[in-house]
Novice: 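Just passing along the structure, written as structure tokens.
These numbers come from a predicted model, not from an experiment. All heavy atoms count here, side chains included; hydrogens, waters and symmetry mates do not.
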Amino acid sequence: IEKLNTSIMVEEIENAVMGDIIRINGHLSDENGDELNDVTVFLTINQDSYEVPVFTGNFTLEYHVTTPNLNNLTATFNGNSTYNPTNSSTTFNVKSKTTFLFYNINSVDVGDVVKISAKLLSDGNPVVRQNVDVKVNNESYTTRTSTTGYFTIDYVAQNEGVNNVS
């Protein structure tokens, strides 16, 4: 019996961020375009391999992102008595998780100059010499981080009550 050729396709992965759980989706079909069912594909991400079931041609893996920057992904179907094996490789980029550590501001009066200070971190490491946009209520200010990741802006308090900083 002559085996049918197969084709495996992995959907493009966008906007992956360190620590997130992403979905890796793909499709497995034969040379006639018919979807394979009740078979297994193997997804290898960097050095880790995962067995993923295929139903009506589709497979999905929920993956916890643990490696920043460029990640390698290979999808493999090993074939069986009816179908030939196939594989497909791609890459996806993972962005670092960015954190702002703002320092508490004590109560001030309208008209007072307030120093708004924070430290910018990426995966726990300082982000140095980078432009930062700080929004106070609806006003935007641009500043730059220092060699240790800190930044400060001077803001004249204009509103009573809670002021939002982001």
Side-chain angles (χ1 to χ4, degrees), residues 1-102 116 118-145 147-151 162 164-166:
I1 297 176
E2 191 171 321
K3 294 182 181 184
L4 294 173
N5 290 326
T6 56
S7 174
I8 195 166
M9 183 273 306
V10 177
E11 292 178 13
E12 185 176 353
I13 299 168
E14 296 178 345
N15 303 318
V17 177
M18 275 291 292
D20 284 356
I21 294 176
I22 62 170
R23 285 190 174 186
I24 299 173
N25 300 308
H27 190 79
L28 180 64
S29 58
D30 67 20
E31 64 189 49
N32 299 317
D34 295 327
E35 299 167 331
L36 275 65
N37 195 33
D38 293 327
V39 295
T40 299
V41 296
F42 295 89
L43 297 181
T44 303
I45 304 163
N46 302 317
Q47 313 312 318
D48 299 321
S49 199
Y50 304 87
E51 249 182 82
V52 184
V54 178
F55 299 105
T56 61
N58 298 305
F59 58 88
T60 298
L61 173 68
E62 289 194 356
Y63 175 70
H64 181 240
V65 181
T66 59
T67 304
N69 303 318
L70 193 64
N71 281 247
N72 298 303
L73 168 61
T74 300
T76 302
F77 171 62
N78 289 330
N80 58 23
S81 61
T82 306
Y83 299 104
N84 286 319
T86 188
N87 67 60
S88 176
S89 294
T90 188
T91 60
F92 62 97
N93 196 42
V94 175
K95 295 178 183 176
S96 297
K97 191 163 269 189
T98 304
T99 306
F100 287 95
L101 298 177
F102 282 97
I116 298 173
K119 187 171 187 178
L120 177 60
L121 303 171
S122 177
D123 295 326
N125 299 309
V127 178
V128 302
R129 296 186 181 109
Q130 293 294 309
N131 288 338
V132 177
D133 292 320
V134 179
K135 193 177 238 184
V136 182
N137 299 322
N138 289 322
E139 291 184 51
S140 292
Y141 302 87
T142 300
T143 188
R144 191 166 177 85
T145 60
T147 57
T148 56
Y150 289 96
F151 63 88
V162 175
N164 297 307
V165 179
S166 60

Novice: Taking all non-hydrogen atoms of both residues into account, name the closest pair between Val128 and Gly149 and its distance.
Specialist: CG1-N, 4.0 Å
Novice: Do Met9 and Ser88 touch side chain to side chain, with heavy atoms closer than 4.5 Å?
Specialist: no
Novice: Would you find more than 12 non-hydrogen atoms of other residues, nucleotides or ligands less than 6.0 Å from Lys95 atom NZ?
Specialist: no
Novice: Using only atom types and a distance under 3.5 Å, with no angle test, would you say the side chain of Thr40 pairs donor to acceptor with the backbone of Pro53?
Specialist: no
Novice: Distance only, no hydrogens: is a donor on one side chain within 3.5 Å (strictly under) of an acceptor on the other, for Asn72 and Thr91?
Specialist: no
Novice: Give a yes or no on whether the backbone of Val136 and the side-chain of Asn138 come within a donor-acceptor separation of less than 3.5 Å.
Specialist: no
Novice: Any side-chain heavy atom of Asn37 sitting closer than 4.5 Å to one from Glu35?
Specialist: no
Novice: For Ile45 and Leu61, work out which heavy atoms get closest and say how close.
Specialist: CD1-CD2, 4.0 Å
Novice: Hey, mind stepping through Asp133 and Thr142 against side chain to side chain donor-acceptor pair (under 3.5 Å) and telling me if it holds?
Specialist: CA-CA 5 Å; Asp133 292 320; Thr142 300; 2.8 Å; yes
Novice: Is a side-chain N or O of Thr86 found less than 3.5 angstrom from the main chain of Phe77, in a donor-acceptor match?
Specialist: no
Novice: Do Val52 and Ile24 touch side chain to side chain, with heavy atoms closer than 4.5 Å?
Specialist: no
Novice: Hey, are the side chains of Tyr63 and Leu43 touching, using non-hydrogen atoms and a 4.5 Å cut-off?
Specialist: no
Novice: To check you understand the geometry: which heavy-atom pair defines the closest contact between Ala118 and Phe102, and what is its length?
Specialist: CB-CD2, 3.5 Å
Novice: Are the side chains of Asp20 and Val94 in touch, meaning some heavy atoms are under 4.5 Å apart?
Specialist: no
Novice: More than 12 non-hydrogen atoms from neighbouring residues, nucleotides or ligands closer than 6.0 Å to CZ on Arg23, yes or no?
Specialist: no
Novice: Could you tell me whether the side chain of Lys119 reaches within less than 4.5 Å of the side chain of Tyr150, counting heavy atoms only?
Specialist: yes
Novice: Mark yes or no for whether Asn137, through its side chain, and Glu139, through its backbone, hold a donor-acceptor pair below 3.5 Å.
Specialist: no
Novice: Using side-chain heavy atoms (C-beta onward) and a distance below 4.5 Å, is Ile116 in contact with Tyr141?
Specialist: no
Novice: Using a cut-off of 6.0 Å, state whether more than 12 heavy atoms not belonging to Lys3 lie near its atom NZ.
Specialist: yes
Novice: Taking all atoms of both residues into account, what is the closest heavy-atom pair of Ser96 and Ser122, and its distance?
Specialist: CB-OG, 2.9 Å
Novice: Any side-chain donor-acceptor pair under 3.5 Å between Thr60 and Asn25?
Specialist: yes
Novice: Taking the side chain from His64 and the backbone from Gly19, do they hold a donor-acceptor pair closer than 3.5 Å?
Specialist: yes
Novice: Could you walk me through whether Val39 and Tyr83 satisfy the side-chain contact (heavy atoms from CB on, under 4.5 Å) test, starting with their C-alpha distance in whole Å, then the side-chain angles of each, then the deciding distance to 0.1 Å, before giving a yes or no?
Specialist: CA-CA 10 Å; Val39 295; Tyr83 299 104; 5.5 Å; no
Novice: Side-chain donor-acceptor pair under 3.5 Å between Ser29 and Ser7, yes or no?
Specialist: no
Novice: Considering only heavy atoms from C-beta outward, does the side chain of Asn32 approach that of Leu4 to under 4.5 Å?
Specialist: yes
